[in-house]
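Along the sequence shown, residues carry numbers from 1. These numbers come from a predicted model, not from an experiment.
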Amino acid sequence: MILNSLYRLLGRLKGKNWRHNRIYPFDFRVKNTGKQEVQFVYQNQKVTFPKVSKLIHRFAGCNAHVLLSGPSIKTIEDPTRLNHAFCFAVNGSPAFFNEHHLTYDAYVVDDPRYIQQYAEQALQFAAQAQYVFLSYRSIYLLMKQGLNLNGLNIYVFDYRFMPFRQYRPTPIRPFFAHNLTEGLGKSDTIAHIVLQLAHGMAFNHVALFGLDLSMGGRFYNEANPAPQHLHDNWQKGIIEPFLLVRDAVQAGQWSVINCSPNSLLDANILPKCEPNAYLATIKPH
């Protein structure tokens, strides 16, 4: 307790570019093993996971579907077609797959409010995925609740502008990781995290479902709905990060489509498509 208080004081003395580290207590330790693996130690727990960099180019030439949490996914008429490509689920969206008795390949959870409220559910969702992607922050929040992460196929990443136990690079700017070794850029939507992972793993084409970016809530029921702050920092938190995605697409490196025709994200940034029309063209992989 005293050490943690001293650590917070240290954060104040070091200045604002280091203060983001105050989310981690003094006794949460991270060690790079030198084998593209990271060891986490906290409250008598010790776990070791590979870095996302181990998956660079792993899925070259493959297609991916990303199921987000916007209400528009309820318009999908034949959900089984989602499984015609590699499937990413995020935060609470695995509930859609479970409801329709479908599988998903990867699970990404990076919303601290979701983890704090639904940690055990997140762990259950993670157990159903072949690949699980967690930030250092998410690892800490799960370990903080005493959950056992052993047995899960977890790959870890840190944030480019919130590096663990390091000063935050300045100036802070929107960032899209073209290389999974350099830390991932954050934004106000988890879709940006998933797209960086998909790009680094060399998926050829990515279709986003439920990228509504509206204040209409999420498709699944929440006991205590987490607040949505999408429009609090719309330009910096949404538009500028997606402009970086568009730049990667226009460079001919891959293609990304937004299967939410009423999404607030302009079609000049990512092309839009009606989800059922798109899924009708997809053949099983």
Side-chain angles (χ1 to χ4, degrees), residues 63-111 113-115 117-118 120-129 132-133 187-195 197-198 203 205-231 234 237-238 242 245 255-267 269-285:
N63 296 336
H65 292 161
V66 180
L67 196 76
L68 302 162
S69 300
S72 66
I73 69 166
K74 292 183 178 180
T75 66
I76 297 176
E77 297 170 358
D78 185 1
T80 62
R81 289 184 172 272
L82 290 170
N83 282 152
H84 289 181
F86 185 102
C87 286
F88 286 90
V90 306
N91 295 335
S93 76
F96 185 84
F97 288 93
N98 290 345
E99 177 185 350
H100 295 282
H101 308 289
L102 301 172
T103 61
Y104 49 92
D105 301 281
Y107 181 54
V108 186
V109 57
D110 196 52
D111 184 336
R113 294 185 183 89
Y114 179 84
I115 294 174
Q117 188 173 353
Y118 302 107
E120 292 188 2
Q121 182 182 68
L123 209 62
Q124 292 171 3
F125 289 155
Q128 298 174 40
V132 181
F133 298 99
S187 78
D188 287 351
T189 168
I190 194 172
H192 190 60
I193 293 287
V194 180
L195 286 169
L197 293 170
F203 282 96
H205 174 74
V206 181
L208 303 167
F209 298 86
L211 186 68
D212 300 358
L213 298 177
S214 71
M215 299 300 289
R218 300 164 178 85
F219 77 87
Y220 52 86
N221 294 323
E222 298 177 280
N224 298 297
Q228 292 180 283
H229 302 287
L230 291 173
H231 304 306
W234 179 254
I238 300 293
F242 274 111
V245 177
S255 64
V256 181
I257 191 167
N258 180 5
C259 295
S260 176
N262 296 318
S263 172
L264 293 184
L265 187 69
D266 196 279
I269 299 177
L270 289 182
K272 296 181 182 180
C273 182
E274 200 281 326
N276 295 303
Y278 169 78
L279 288 171
T281 68
I282 302 300
K283 297 179 180 180
H285 66 126

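- Atom CG of Leu68 and atom CD1 of Ile73 lie 8.5 Å apart (nearest 0.5 Å).
- Taking both residues in full, the closest heavy atoms of Gln128 and Asn98 are given as OE1-OD1, 2.8 Å, listed atom of the first, atom of the second, then distance.
- No donor-acceptor pair under 3.5 Å is formed between the side chain of Asp110 and the backbone N or O of Ile190.
- Inter-residue side-chain proximity for Phe97 and Asn83 is flagged as met; some heavy-atom pair is nearer than 4.5 Å.
- Taking both residues in full, the closest heavy atoms of Ala122 and Tyr114 are given as CB-CE2, 4.0 Å, listed atom of the first, atom of the second, then distance.
- Shown here are the side chain to side chain donor-acceptor pair (under 3.5 Å) partners of Glu274, two or more places apart in sequence or in another chain: Asn276.
- Nearest heavy atom pair, residue Ser187 against residue Gly237, reads CB-O, 3.2 Å.
- Taking 4.5 Å as the limit, some side-chain heavy atom of Pro261 sits within range of a side-chain heavy atom of Pro275.
- Within the 4.5 Å cutoff, side-chain heavy atoms of Val108 are placed close to those of Leu197.
- Atom CG in Leu195 sits 8.0 Å away from atom NE2 in His192 (nearest 0.5 Å).
- Within the 4.5 Å cutoff, the side chain of Val109 has no heavy atoms near those of the Val90 side chain.
- Leu211 is listed as a side-chain neighbour of Thr189, based on a closest heavy-atom distance under 4.5 Å.
- Considering only heavy atoms from C-beta on, Thr80 stays 4.5 Å or farther from His100 through its side chain.
- In terms of modelled atom types and a separation under 3.5 Å, the side chain of His65 and the main chain of Ala207 share no donor-acceptor contact.
- Between Phe125 and Ala95, the shortest heavy-atom contact is CZ-N, 4.0 Å.
- Note that CD of Gln117 and CG of Asp111 are 9.5 Å apart. Values are rounded to the nearest 0.5 Å.
- Annotation: ring pair (Phe, Tyr, Trp, His ring centres under 6.0 Å) contacts of Phe203 (sequence neighbours excluded): Phe59, Phe86, Phe88.
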Side chain to side chain contact (heavy atoms under 4.5 Å, CB included) for Leu264 and Asp212? Distances and angles first, verdict last.
CA-CA 6 Å; Leu264 293 184; Asp212 300 358; over 6 Å; no

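- For the pair Asp105 and Cys87, the tightest heavy-atom approach, listed with the atom from each and the gap, is OD2-N, 2.7 Å.
- Looking at every heavy atom in both residues, Leu265 comes nearest to Lys272 through O-CE, 2.9 Å.
- A 4.5 Å side-chain heavy-atom check between Leu279 and Leu82 finds at least one atom pair inside the cut-off.
- Note that CG of Leu270 and SG of Cys259 are 10.5 Å apart. Values are rounded to the nearest 0.5 Å.
- The backbone N or O of Asn91 lies less than 3.5 Å from no partner atom in the side chain of Tyr118, so there is not a single donor-acceptor pair.
- Atom CG of residue Leu123 and atom CD of residue Gln121 lie 11.0 Å apart, to the nearest 0.5 angstrom.
- In this structure, the separation between CG on Asn262 and OG1 on Thr75 is 9.0 Å, given to the nearest 0.5 Å.
- In summary, the side chains of Ser263 and Asn258 do present a donor paired with an acceptor at a separation below 3.5 Å, with no hydrogens or angles considered.
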Verdict with supporting geometry, Phe133 and Ile193, side chain to side chain contact (heavy atoms under 4.5 Å, CB included)
CA-CA 10 Å; Phe133 298 99; Ile193 293 287; over 6 Å; no

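- Side-chain contact between Pro94 and Tyr107: present, with at least one pair of heavy atoms (C-beta onward) separated by less than 4.5 Å.
- A donor-acceptor distance shorter than 3.5 angstrom exists from the side chain of Ser93 to the backbone of Leu67, with no hydrogens or angles considered.
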Run the side chain to side chain contact (heavy atoms under 4.5 Å, CB included) test on Arg81 and Ile282 for me, step by step, so that the C-alpha distance in whole Å, both residues' side-chain angles and the decisive distance to 0.1 Å come before the verdict.
CA-CA 7 Å; Arg81 289 184 172 272; Ile282 302 300; 5.5 Å; no

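- Between Tyr278 and His205, the ring-plane angle classifies as tilted under the 30° and 60° cut-offs.
- Residues that satisfy the side chain to side chain donor-acceptor pair (under 3.5 Å) test with Thr103, not counting sequence neighbours, are absent from this structure.
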